[in-house]
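Below is one structure; the comments refer to it alone.
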Amino acid sequence: YTEAMDNISIGDASFTFQRNHSYTITYRLLPEFLYLFNDGSCGALAEKGSRTPIAVVSKEKTNTEEGTAVALKDASYMYAGTVHKDYAYGAWPPAGSRLFSKNNTSNYTTIAETLDDMDGYKWTWDAAGSTDGTIKANDRVNYECFYGAGNYNPGVATQNIGKWYLPAAGEFNQFLNLFPGMVSFSSVGGGYSLEANFSDDSFGKLVNKCFTDAQGDRMFGGADGVTIHYWMSSEVGMTNPLIYFSDKKVAIDKGGYRHNETGYLRPFVHF
């Protein structure tokens, strides 16, 4: 450079270039989506080789923190010869005794507060996370949605990953904010709902693409454009909010009570 150049930005960094100095810039091209494979390794889909993709990485693993990934497919079960994806919170009636109780040891007052909740694994697999001292993922009667997520089968043998779990609201939000156009929630309905609206369906298509490219299930809209909604492990009072995906909107809603709600399950996993 023949003259000083101040405040040149490259990515998130800012530099000052000095006169008569040379500089070498090294950069790394990242894949559009990063996948977790069945052996616990990560990489781009084109690099999979003999490995099988099982989830989309929402948080990369570091030397000090574990990574997090979102299952490629919704949890499902067979009933009367038909595959179903709509899970109840717990059995009703009469065995589901936890439908009208505070079941997590930490509860939230508003939907907005749940965006700070990153403890889905705790609510699913840690007895210390349940007010009744049970492991929800082991209790199909009282906690069917936790059981379904915790016992998810990606369809291939896995290693070097943790247990699947029902994600908290903050973990869903962390995943969505990886994408260009990021989700920005606004409170509506007196704090009982959060909504993020988009001008078109391009955001939803991009999120869906990271799953369908690897033969996974779409998250935004159904095959006929209907809204898909998922259970979350965060707890507001004595309810668990659901997250709704339509073509142009994401909403987290308190909805009805647990005994009259069903939802899909999209398990998460640490690795």
Side-chain angles (χ1 to χ4, degrees), residues 35-40 51-59 66-92 95-99 101 103-105 117-172 175 211 214-219 228-235 240-243 258-259 261-271:
Y35 292 88
L36 175 66
F37 297 110
N38 62 306
D39 64 353
R51 300 173 295 177
T52 301
I54 58 172
V56 178
V57 174
S58 58
K59 177 190 173 197
E66 60 190 357
T68 305
V70 185
L72 287 180
K73 297 183 178 182
D74 298 323
S76 62
Y77 61 95
M78 184 71 69
Y79 179 75
T82 303
V83 174
H84 293 263
K85 295 182 179 181
D86 51 336
Y87 283 76
Y89 182 90
W92 172 264
S97 62
R98 304 301 301 181
L99 293 173
S101 305
N103 296 325
N104 293 350
T105 51
D117 187 2
M118 306 293 289
D119 287 329
Y121 185 89
K122 177 181 179 180
W123 311 136
T124 306
W125 283 106
D126 190 347
S130 299
T131 56
D132 61 349
T134 65
I135 295 174
K136 296 189 189 77
N138 291 337
D139 187 344
R140 191 172 192 172
V141 172
N142 290 296
Y143 304 109
E144 183 179 3
C145 61
F146 288 87
Y147 178 90
N151 291 275
Y152 171 73
N153 182 355
V156 64
T158 61
Q159 56 183 326
N160 302 318
I161 67 171
K163 297 177 181 178
W164 298 94
Y165 65 90
L166 188 65
E171 294 173 298
F172 250 120
F175 164 68
F211 295 110
Q215 286 71 58
D217 294 331
R218 59 187 294 164
M219 185 175 286
I228 299 176
H229 54 279
Y230 292 91
W231 282 111
M232 297 188 295
S233 56
S234 301
E235 193 172 80
N240 286 69
L242 291 96
I243 186 166
R258 295 174 182 136
H259 69 278
E261 287 280 8
T262 60
Y264 281 28
L265 302 179
R266 184 62 66 110
F268 281 41
V269 70
H270 293 312
F271 61 93

Please enumerate all residues that pass salt bridge (Lys or Arg N to Asp or Glu O under 4.0 Å) together with [X], with sequence neighbours excluded.
| X | value |
| --- | --- |
| Asp217 | Lys85 |
| Lys122 | none |
| Glu171 | none |
| Asp132 | Arg98 |

Residues in side-chain hydrogen bond (donor to acceptor under 3.5 Å, both in side chains) with [X], at least two apart?
| X | answer |
| --- | --- |
| Ser130 | Lys136 |
| Lys59 | Glu65 |
| Trp123 | Asp117 |
| Thr68 | His270 |

Excluding sequence neighbours, so at least two apart, what forms ring-ring contact (aromatic ring centres under 6.0 Å, His included) with Phe175?
->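 Partners of Phe175 by the ring-ring contact (aromatic ring centres under 6.0 Å, His included) criterion, ordered by chain and then number, come out as Phe179, Phe211.
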
Under the ring-ring contact (aromatic ring centres under 6.0 Å, His included) rule, collect the residues that match up with Phe268, sequence neighbours excluded.
->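 ring-ring contact (aromatic ring centres under 6.0 Å, His included) check on Phe268 returns Phe172.
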
Inter- and intrachain pairs under side chain to side chain donor-acceptor pair (under 3.5 Å), touching residues 145-163, at least two apart =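 Those involving residues 145-163 do not exist here.
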
Salt bridge (charged side-chain N to carboxylate O under 4.0 Å, His left out) contacts touching residues 139-161 (sequence neighbours left out) |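 Of all non-adjacent pairs touching residues 139-161, none passes salt bridge (charged side-chain N to carboxylate O under 4.0 Å, His left out).
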
